[in-house]
Amino acid sequence: ETTPDLTRISKYISLILRHKPEVIGIKLDTHGWADVNALLAGISRKYPINRDILDEIVGRDEKQRYSFSQDGTKIRANQGHSVQVDVELPVTEPPETLYHGTAQRFAASIEAQGLLPQSRLYVHLSPDQETAEKVGRRHGEPVIYLVDAGQMHRDGYCFYLSANGVWLTKVVPAPYLKRFE
Ligand code: HQG
């Protein structure tokens, strides 16, 4: 667990590396990488930070949200982007069942339209029920869907596994969803 201050900085880093690099005037490259020194300079206008603190945030992040390039000069978010980047996710055969946690107020729309990526590049799926429940609670009273990932795979849908264990796919049509009671 990181301290609250580091959590606040981590949320700002997520905003920059997933959604709005322009808030500190930087760009991500096509693979989602940002220059570490440019990131540190940009964040330091708002929060005290240096390379050691960044290393601590990245190393201790409970979801392993970020990765450094091998030479340590670049950093990117492992998943969760709304900006169009290609973080070179491997296409991976999914387990038979994956889980999606959401809020009850979205259920009617999801059962009619299936799961859509909304503002992000992909629908995010969890490997287990507990994780899905946590994700769902972020939005309200949770509801969990079982995703028939095995059948989707056999029907030709692609799944990707992020560096931090989140399963991603473009959409989940409603017939592959079952509400978990
Ligand atoms: C819902 C966190 C109505 C969807 C988590 C979700 C995750 C629909 C919301 C990551 C819908 C989008 C992503 C439809 C989908 N009608 N609502 N047809 N299809 N939705 O935050 O999956 O902590 O973009 O159910 O751990 O909640 O940020 O996606 O409730 O991995 O690292 O639209 O964010 O990670 O919400 O969460 P989000 P998510 P971090």
Side-chain angles (χ1 to χ4, degrees), residues 1-4 6-20 32 56-68 75-181:
E1 271 301 292
T2 53
T3 65
L6 294 191
T7 301
R8 186 165 316 131
I9 300 172
S10 180
K11 288 194 171 169
Y12 193 49
I13 294 173
S14 278
L15 174 78
I16 294 163
L17 295 181
R18 291 172 171 175
H19 309 297
K20 292 187 169 185
E56 187 175 338
I57 290 171
V58 171
R60 289 170 62 172
D61 187 87
E62 80 281 11
K63 288 190 187 171
Q64 289 296 298
R65 291 177 176 90
Y66 317 108
S67 294
F68 287 113
I75 184 171
R76 71 182 172 192
N78 288 326
Q79 41 72 222
H81 299 81
S82 56
V83 294
Q84 184 61 53
V85 295
D86 171 12
V87 295
E88 306 153 287
L89 296 169
V91 175
T92 309
E93 185 174 337
E96 274 303 309
T97 303
L98 287 168
Y99 301 83
H100 182 82
T102 186
Q104 299 211 351
R105 69 180 184 287
F106 300 143
S109 168
I110 287 171
E111 284 163 31
Q113 304 182 320
L115 290 170
L116 302 174
Q118 309 291 43
S119 65
R120 303 196 199 240
L121 299 180
Y122 298 98
V123 170
H124 289 225
L125 302 173
S126 305
D128 57 69
Q129 210 181 301
E130 299 89 278
T131 309
E133 178 151 352
K134 279 191 208 148
V135 174
R137 268 188 207 291
R138 290 161 53 249
H139 299 286
E141 192 53 42
V143 50
I144 294 171
Y145 287 94
L146 304 184
V147 175
D148 192 349
Q151 193 56 49
M152 284 182 71
H153 171 71
R154 290 186 284 279
D155 291 345
Y157 290 86
C158 276
F159 288 79
Y160 306 88
L161 184 55
S162 76
N164 61 339
V166 178
W167 287 90
L168 305 167
T169 192
K170 273 322 269 183
V171 296
V172 178
Y176 298 101
L177 289 170
K178 196 169 85 194
R179 200 169 165 151
F180 185 78
E181 310 287 354

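This structure is a prediction, so every number in the text was calculated from the model and none was measured.
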Q) Atom CG in Leu6, atom CD1 in Ile13: separation rounded to 0.5 Å? A) 9.0 Å
Q. Nearest heavy-atom pair of Pro95 and Ala149: which atoms, and what distance?
A. O-CB, 3.3 Å
(Q) For Arg138, is there an ion pair with Glu133 - N to carboxylate O distance below 4.0 angstrom? (A) no
Q: Might you point out which heavy atoms bring Ser126 and Leu98 nearest each other, and give the distance in Å?
A: O-CD2, 3.6 Å
Q) Which atom pair, heavy atoms only, marks the closest approach of Arg18 to Gln79? A) NE-O, 3.0 Å
Q) Any side-chain heavy atom of His139 sitting closer than 4.5 Å to one from Phe106? A) yes
Q | Evaluation steps, side-chain contact (heavy atoms from CB on, under 4.5 Å), between Thr97 and Val147 | A | CA-CA 6 Å; Thr97 303; Val147 175; over 6 Å; no
Q. side-chain contact (heavy atoms from CB on, under 4.5 Å) between Phe180 and Gln129: does it pass, once the steps are laid out?
A. CA-CA 9 Å; Phe180 185 78; Gln129 210 181 301; 3.4 Å; yes
Q) How long is the span from the OG1 atom in Thr102 to the CZ atom in Arg137, to the nearest 0.5 Å? A) 13.0 Å
Q: Go through Val123 and Lys170 one step at a time and tell me if the side-chain contact (heavy atoms from CB on, under 4.5 Å) criterion holds.
A: CA-CA 6 Å; Val123 170; Lys170 273 322 269 183; over 6 Å; no
Q) Where is the tightest heavy-atom contact between Arg120 and Gly80, given as atom of each residue plus distance? A) NH1-O, 3.1 Å
Q.
Please report whether the ring centroid of Tyr157 lies less than 6.0 Å from that of Tyr176.
A. yes
Q. Any ion pair linking Glu130 and Lys134 (charged N to carboxylate O, less than 4.0 Å)?
A. no
Q: Give, for atom CG of Leu115 and atom CD1 of Ile110, the distance between the pair rounded to the nearest 0.5 Å.
A: 5.0 Å
Q | Tyr66-Asn164 side chain donor-acceptor pair, cut-off 3.5 Å | A | no
Q: Provide the closest heavy-atom pair for Arg76 versus Val87 in the form atom of the first, atom of the second, distance.
A: NH2-O, 3.5 Å
Q | Tyr145-Glu111 side chain donor-acceptor pair, cut-off 3.5 Å | A | yes
Q) Are any side-chain N or O atoms of His81 and backbone N or O atoms of Leu121, one a donor and one an acceptor, separated by less than 3.5 Å? A) no
Q) Taking atom NZ of Lys178 as the centre, does the number of heavy atoms from other residues, nucleotides or ligands within less than 6.0 Å exceed 12? A) no
Q | Passing candidate, side chain to side chain contact (heavy atoms under 4.5 Å, CB included) with Ser14, options His19, Lys20, Arg65 | A | Arg65
Q: Look only at the side chain of Asn78 and the backbone of Ala163, and say whether a donor-acceptor pair between them is shorter than 3.5 Å.
A: no
**Q.** Any Leu168 side-chain heavy atom under 4.5 Å of Leu89 side chain
**A.** yes
Q) With side chains defined as the heavy atoms from C-beta onward, is the minimum distance between Ile9 and Lys11 less than 4.5 Å? A) no
Q | Contact summary for Val91 and Cys158, nearest pair of heavy atoms | A | CG1-SG, 4.3 Å
Q: Can you measure from CG (Leu177) to NE2 (His100) and round to the nearest 0.5 angstrom?
A: 8.5 Å
Q | Geometric class of the Tyr160/Tyr122 ring pair [parallel <30°, tilted 30-60°, perpendicular >60°] | A | tilted
**Q.** Full working for side-chain contact (heavy atoms from CB on, under 4.5 Å) between Tyr99 and Leu125
**A.** CA-CA 6 Å; Tyr99 301 83; Leu125 302 173; over 6 Å; no
**Q.** Residue pair Met152 / Pro173, side-chain heavy-atom distance below 4.5 Å
**A.** yes
Q) Do Leu146 and Asp148 come close enough that some side-chain heavy atom pair is under 4.5 Å? A) no
Q) So, Ser10 side chain and Arg8 main chain: donor-acceptor pair closer than 3.5 Å or not? A) no
